[in-house]
*Asks:* 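Sharing a structure below in structure tokens format, with a few things to ask.
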Amino acid sequence: MAKEEKGFEAKIKAMTAGGCACMTGILEKKASTLKKVVCKGCGKVFRTNRDTEYCYDCQKKLSR
């Protein structure tokens with residue numbers, strides 16, 4: 001086996017030694033774009049990526 005192949009094989013074994021490759025930091029979690037909001041209408045806590053202060057239900061009531 002060539003020296004390069006041994007190095008590559010050792011590198012792969014080190015990356016997967018803890019189990020699944022997804023647990024070794026190869027795949028990183030992206031930061032969530034969702035923010036926690038407390039509805040001004042009913043007090044419900046929810047997460048959204050929209051710029052709003054009201055939950056979906058209260059938003060619907062206000063638009064009527």
Side-chain angles (χ1 to χ4, degrees):
M1 198 183 283
K3 189 176 184 180
E4 291 175 2
E5 289 176 4
K6 285 182 182 177
F8 178 73
E9 203 170 278
K11 195 176 198 180
I12 296 298
K13 282 184 183 176
M15 291 173 126
T16 59
C20 180
C22 65
M23 297 179 154
T24 60
I26 294 172
L27 303 175
E28 296 178 13
K29 281 189 173 179
K30 291 183 180 180
S32 177
T33 59
L34 298 178
K35 57 186 175 190
K36 190 184 266 187
V37 179
V38 178
C39 178
K40 286 189 172 184
C42 64
K44 187 187 305 182
V45 178
F46 64 100
R47 292 187 178 271
T48 184
N49 60 350
R50 298 182 302 139
D51 189 28
T52 183
E53 296 177 333
Y54 296 97
C55 69
Y56 181 74
D57 295 330
C58 290
Q59 187 92 26
K60 198 164 42 171
K61 288 176 188 174
L62 290 171
S63 65
R64 290 184 191 175

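Please read these numbers as outputs of a predicted model, since none were measured by experiment.
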*Asks:* If you draw a 6.0 Å radius around NZ in Lys61, do more than 12 non-hydrogen atoms from other residues or ligands fall strictly inside?
*Replies:* no

*Asks:* Given a cutoff of under 4.5 Å between side-chain heavy atoms of I, L, V, M, F, W and Y, with clusters grown through shared members, what are the other residues clustered with Val37?
*Replies:* Phe46

*Asks:* Side-chain donor-acceptor contacts of residues 48-55 below 3.5 Å, not counting sequence neighbours, with atom names and distances?
*Replies:*
unit_1	atom_1	unit_2	atom_2	d
Thr48	OG1	Arg50	N	3.0
Thr52	OG1	Tyr54	N	3.2
Thr52	OG1	Tyr54	O	3.3
Thr52	OG1	Gln59	OE1	3.1
Glu53	OE1	Lys40	NZ	3.2

